[in-house]
Number of protein chains: 2
Amino acid sequence: MVQAMLQEHVSCSSCPIRHRAVCAKCDTDELERLNAIKFYKTYAAGETIAYQGDELDVVASVVSGVATLERGIEDGRMQMVGLLLPSDFIGRPGRTILNYDVTAVSDVTLCSFHRQPFEQLLIEIPHLQERLLQMAFDELDAAREWMLLLGRKTAREKIASMLISVVKRTHLPEGQSLGTATRLELPLSREAMGNFLGLTIETVSRQFTALRKDGVIELEGKRVVIIPDMDLLLAESGDDDDGGLLA
Amino acid sequence: MVQAMLQEHVSCSSCPIRHRAVCAKCDTDELERLNAIKFYKTYAAGETIAYQGDELDVVASVVSGVATLERGIEDGRMQMVGLLLPSDFIGRPGRTILNYDVTAVSDVTLCSFHRQPFEQLLIEIPHLQERLLQMAFDELDAAREWMLLLGRKTAREKIASMLISVVKRTHLPEGQSLGTATRLELPLSREAMGNFLGLTIETVSRQFTALRKDGVIELEGKRVVIIPDMDLLLAESGDDDDGGLLA
DNA sequence: CGACACTCTTGATCTGGATCAAGGAATAAA
DNA sequence: TTTATTCCTTGATCCAGATCAAGAGTGTCG
């Protein structure tokens, strides 16, 4: 499997390293050097990629699938602190100890780099570091928006905000407008959503049915949400205007 | 006043640019170039340094005092998303619109740089960018720890965690151990703490008196907290071991 | 000095979301 | 087909923290 991926991606055409995650500006030579040290790895849905406290000697970029970062307390409480979609980055240069669990929510393919050669390239290719800096600041902005959600929003607002955020991250990049009716496949289980939003699974479920009864969303099965009027949902999110969670 | 600061800091001896915040590795020449474009500005306690939505053409580093980043919703709800102590950084290269209020909690002195020349130096002095990347990742880690607090901790745990975090950030850097009894001057009002923790002012107040009655802390007036046994406080924070919020 | 404005504490009550508990629906295993 | 198993929904009840309300300091400005 991994071998197949390697063959398939020799030119890195579908790899975020090429496209967005790390080096959109790389020239051919630089891309070659990145290609030389990268390797792919896949994980099955539900699999834990790495545990809190692990020593991690790789950094990676999500190629496909959805993964989460979660921080836990020993009594079982869990808080999601990162939702990783394709092109998102895992790990940080300069630190080896991981302080949260990384879990594959769906089947996940990572494009990984051993820390040492990657950090070397970071020094030698300046715009790679620049790109990483932008990504870190983007994540920081997202985290701060998320803090507003966790600290001050009601359960209903949290659900609405999450839906908007998922729409923005999965639909907008491909150029669709926010105004049209949207069909959304949720990448997360009710439990994962609870950990995302700081709620219990029961409250998540109840808010979904409440929003459905109020005509804000429609449900197809458990994982598909249809948003007939995005402005209606936006009005439920507690954000004045754009919102921008994780945007 | 600003003039006085400029004189006083010509060699940048007390400026974080020199010490920790941006360029611990700068050689003399590089320091000169940084000095050439920096300027100091002071703000009085309570003053708003910049508003959500402002176009900001400077980045800055906190020299002295305490400032906060807060994100608000129009109905008055506020969530603090950043607590800035000396050496912390404000603003981000590559973005001009600020998406939170920056407020001086105490009297604050900033060491500021106009965006253009600063970004230029960022390109020309690679380890400056490297330093900024480390700072961004540190803030991201802090934000994630903070998200765990906001999403999953009880009011009592929140207060305890905050106290530990303030101790770590204000005492530990000067080399004191965490084991000894500690006297702590709170930089924040009850309201600011509420916004920090996602609580109301009343709940903050009640938890302080509860912790005092239980012998976990002692209070001297409203702003001074004495922690007779740090392990006791640590046990109340909900963190297994180190905690590390904002550390 | 009193009047006012803040900030903080404390009490009484309310409520949103947690907890406890019992099914339903879908998929897989036997 | 029956029997688990997993994930989700719904109901009943409870409680931590919010809200409403009333002072208590403390400082400042006339």
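Chain identifiers are assigned alphabetically (A, B, ...) following the order of the sequence lines, protein sequences preceding nucleic acid strands; residue numbering begins at 1 within each chain. Scope of the values below: all heavy atoms of this structure, side chains included, with no hydrogens, waters or symmetry mates.
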**Q** Less than 3.5 Å apart, which donor and acceptor atoms pair up between the side chains of residues 204-211 of chain B and the rest of the protein, not counting sequence neighbours?
**A**
{"from": "B/T209", "atom 1": "OG1", "to": "B/R206", "atom 2": "O", "distance (Å)": "2.8"}

**Q** First contact, last contact: which nucleotides of DNA chain C are these for chain A, 5' to 3', heavy-atom distance under 4.0 Å?
**A** C/dG17 to C/dC20
**Q** Using residues 44-59 of chain A as the side-chain source, report each donor-acceptor pair under 3.5 Å to any protein atom, sequence neighbours left out, with the distance given to one decimal.
**A**
{"from": "A/E47", "atom 1": "OE1", "to": "A/A44", "atom 2": "N", "distance (Å)": "2.7"}
{"from": "A/Q52", "atom 1": "OE1", "to": "A/G72", "atom 2": "N", "distance (Å)": "3.4"}
{"from": "A/D54", "atom 1": "OD2", "to": "A/Y51", "atom 2": "N", "distance (Å)": "2.9"}

**Q** Start at the 5' end of DNA chain D and walk down; is the nucleotide closest to A/M193 or to A/R152 reached first?
**A**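 Closest to the 5' end, via its nearest nucleotide, is A/M193.
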**Q** Partners of B/D107 by salt bridge (charged side-chain N to carboxylate O under 4.0 Å, His left out), sequence neighbours excluded?
**A**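 If we apply the salt bridge (charged side-chain N to carboxylate O under 4.0 Å, His left out) test to B/D107, skipping adjacent residues, there are no hits.
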**Q** Using whole Å, what does the distance between atom C1' of nucleotide D/dC8 and atom CZ of A/R212 come to?
**A**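 Value for this atom pair: 12 Å.
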**Q** Nearest-Å distance, CD1 (B/I159) to C1' (D/dG17)?
**A** 12 Å
**Q** Do any of residues 197-208 of chain B sit with a heavy atom less than 4.0 Å from DNA chain D, and if so which?
**A** B/G198, B/L199, B/T200, B/E202, B/T203, B/R206
**Q** Could I get the full list of side chain to side chain contact (heavy atoms under 4.5 Å, CB included) partners for A/N99, not counting sequence neighbours?
**A** A/R95, B/D141
**Q** Output all residues satisfying salt bridge (charged side-chain N to carboxylate O under 4.0 Å, His left out) with A/E70, sequence neighbours left out; order by chain, then residue number.
**A**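 A/E70 satisfies salt bridge (charged side-chain N to carboxylate O under 4.0 Å, His left out) with no residue once adjacent residues are dropped.
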**Q** Write down the distance between CD (A/E191) and C1' (D/dT9), rounded to a whole number of angstrom.
**A**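 Taking atom C1' of D/dT9 as the reference, CD of A/E191 is at 15 Å.
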**Q** How close or far is atom P of D/dC7 from atom CZ of A/R190, stated in whole angstroms?
**A**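 For the pair A/R190 CZ and D/dC7 P, the rounded distance is 12 Å.
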**Q** For A/R152, enumerate each residue passing the salt bridge (charged side-chain N to carboxylate O under 4.0 Å, His left out) test, keeping only those at least two apart in sequence or located in another chain.
**A**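 Partners of A/R152 under the salt bridge (charged side-chain N to carboxylate O under 4.0 Å, His left out) test: none.
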**Q** Listed by chain and number, what are the side chain to side chain contact (heavy atoms under 4.5 Å, CB included) partners of B/I226, not counting sequence neighbours?
**A**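 For B/I226, the residues satisfying side chain to side chain contact (heavy atoms under 4.5 Å, CB included) (neighbours in sequence not counted) are B/R183, B/E218, B/E220.
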**Q** Does any part of the side chain of A/R144, heavy atoms only, come nearer than 4.5 Å to the side chain of B/R71, both counted from C-beta?
**A** no
**Q** For D/dC8, does OP1 or OP2 lie under 4.0 Å from any side-chain N or O of A/R223?
**A**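 For D/dC8, OP1/OP2 do have a side-chain N/O of A/R223 under 4.0 Å.
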**Q** For B/R156, answer base if it contacts any base atom (sugar-phosphate contacts may also be present), sugar-phosphate if it contacts only those atoms, and nothing otherwise; contact means non-hydrogen atoms under 4.0 Å.
**A**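 Contact class for B/R156: none.
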